[in-house]
A.B. asks: 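Take this structure first; my questions come after.
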Amino acid sequence: MFLKLPGFTDNVFTHLLAGLGAGFFAVCIGSPVDVVKSRMMGDSTYRSTLDCFTKTLKNDGPGAFYKGFIANFCRIGSWNVIMFLTLEQVKRFFL
């Protein structure tokens, strides 16, 4: 997607942005699921995943699904950057 934008070429900076973007979207989508899973593991009062989701939303608001967002993004974002940079450099030099 970045390569279609003007000014972006197949270089390390583009791979870095792609890794950060992928990490950001992964955390945005995965964080609510992870919060519900953690709450269900720690508290047996929830009857189902949907019950946990609705009670969390009702009692704590939508921000509760993104608690720890920055720490999670640092973990997943850095992993994606390393993975994207490594993959593209290996492809460039060996394939």
Side-chain angles (χ1 to χ4, degrees):
M1 184 176 84
F2 284 120
L3 293 176
K4 294 179 182 177
L5 297 173
F8 285 97
T9 59
D10 191 13
N11 60 20
V12 172
F13 180 70
T14 303
H15 302 154
L16 177 93
L17 283 180
L20 286 174
F24 179 78
F25 284 108
V27 173
C28 286
I29 292 167
S31 189
V33 176
D34 193 39
V35 167
V36 169
K37 176 196 66 116
S38 296
R39 286 184 179 218
M40 288 184 71
M41 288 173 59
D43 189 355
S44 61
T45 61
Y46 298 112
R47 291 177 286 151
S48 67
T49 304
L50 187 59
D51 180 49
C52 181
F53 182 85
T54 55
K55 284 181 180 175
T56 301
L57 186 60
K58 181 179 156 190
N59 297 334
D60 301 328
F65 295 109
Y66 293 99
K67 286 183 179 175
F69 183 88
I70 294 173
N72 207 6
F73 175 68
C74 288
R75 181 177 60 87
I76 293 176
S78 63
W79 162 252
N80 276 334
V81 166
I82 291 168
M83 189 264 309
F84 270 81
L85 287 174
T86 304
L87 175 67
E88 293 300 327
Q89 297 307 311
V90 166
K91 282 172 49 178
R92 176 176 288 158
F93 291 115
F94 296 110
L95 298 178

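Below, each value reflects all heavy atoms present in this structure, side chains not excepted, and no hydrogens, waters or symmetry copies.
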A.B. asks: Leu50: which residues meet the side-chain contact (heavy atoms from CB on, under 4.5 Å) condition with it, sequence neighbours left out?
C.D. replies: Ser48, Thr54

A.B. asks: Return the minimal non-hydrogen interatomic distance between Arg39 and Asp60, and the atom names on each side.
C.D. replies: NH1-OD2, 2.7 Å

A.B. asks: List the atom of Ile76, the atom of Ala26, and the distance in Å for their closest heavy-atom pair.
C.D. replies: CG2-CB, 4.1 Å

A.B. asks: Which atom names give the shortest non-hydrogen contact between Ala64 and Thr56, and what distance separates them?
C.D. replies: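 Scanning both residues, the minimum pair turns out to be CB-CG2, 3.9 Å.
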
A.B. asks: Please list all pairs meeting side chain to side chain donor-acceptor pair (under 3.5 Å) that have one or both residues in residues 64-78, counting only residues at least two apart or in different chains.
C.D. replies: Asn72-Arg75

A.B. asks: Sorted by first residue and then second, give each ring pair (Phe, Tyr, Trp, His ring centres under 6.0 Å) pair with at least one member in residues 36-60; sequence neighbours left out.
C.D. replies: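 Found Phe53-Phe65.
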
A.B. asks: List, by chain and number, the other hydrophobic cluster members for Leu87, where Ile, Leu, Val, Met, Phe, Trp and Tyr join if side-chain heavy atoms come within less than 4.5 Å, directly or indirectly.
C.D. replies: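 Its cluster mates, by chain and number: none.
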
A.B. asks: Enumerate the side chain to side chain donor-acceptor pair (under 3.5 Å) contacts for residues 84-94, please, sequence neighbours excluded, ordered by first and then second residue.
C.D. replies: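 Sorted pair list comes back empty.
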
A.B. asks: Exactly one of Thr45, Asp43, Val36 should register a side chain to side chain contact (heavy atoms under 4.5 Å, CB included) with Cys52. Which one does?
C.D. replies: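 Single pass found, and it is Val36.
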
A.B. asks: Looking at CG of Leu85 and CG of Asn80, how far apart are the two atoms once the value is rounded to the nearest 0.5 Å?
C.D. replies: 10.5 Å

A.B. asks: Can you name the residues that form a ring pair (Phe, Tyr, Trp, His ring centres under 6.0 Å) with Phe8, not counting sequence neighbours?
C.D. replies: Phe2

A.B. asks: Strictly by side chain to side chain donor-acceptor pair (under 3.5 Å), give each pair with a member in residues 4-29 just once, sequence neighbours left out.
C.D. replies: Thr9-Asn11, Asp10-His15, Asn11-Thr14

A.B. asks: Can you sort out the partners of Asp51 under salt bridge (charged side-chain N to carboxylate O under 4.0 Å, His left out), two or more places apart, ordered by chain and number?
C.D. replies: Arg47, Lys55

A.B. asks: Going by the rule salt bridge (charged side-chain N to carboxylate O under 4.0 Å, His left out), which residues pair with Lys37 if we only count those two or more places apart in sequence or in a different chain?
C.D. replies: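 Salt bridge (charged side-chain N to carboxylate O under 4.0 Å, His left out) list for Lys37, sorted by chain: Asp34.
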
A.B. asks: Applying ring pair (Phe, Tyr, Trp, His ring centres under 6.0 Å) as the test, list every pair that has at least one member in residues 69-95; sequence neighbours left out.
C.D. replies: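 Qualifying pairs: Phe24-Phe69.
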
A.B. asks: Quick check on Leu5: does its CG atom have over 12 non-hydrogen neighbours (other residues, nucleotides or ligands) under 6.0 Å away?
C.D. replies: yes

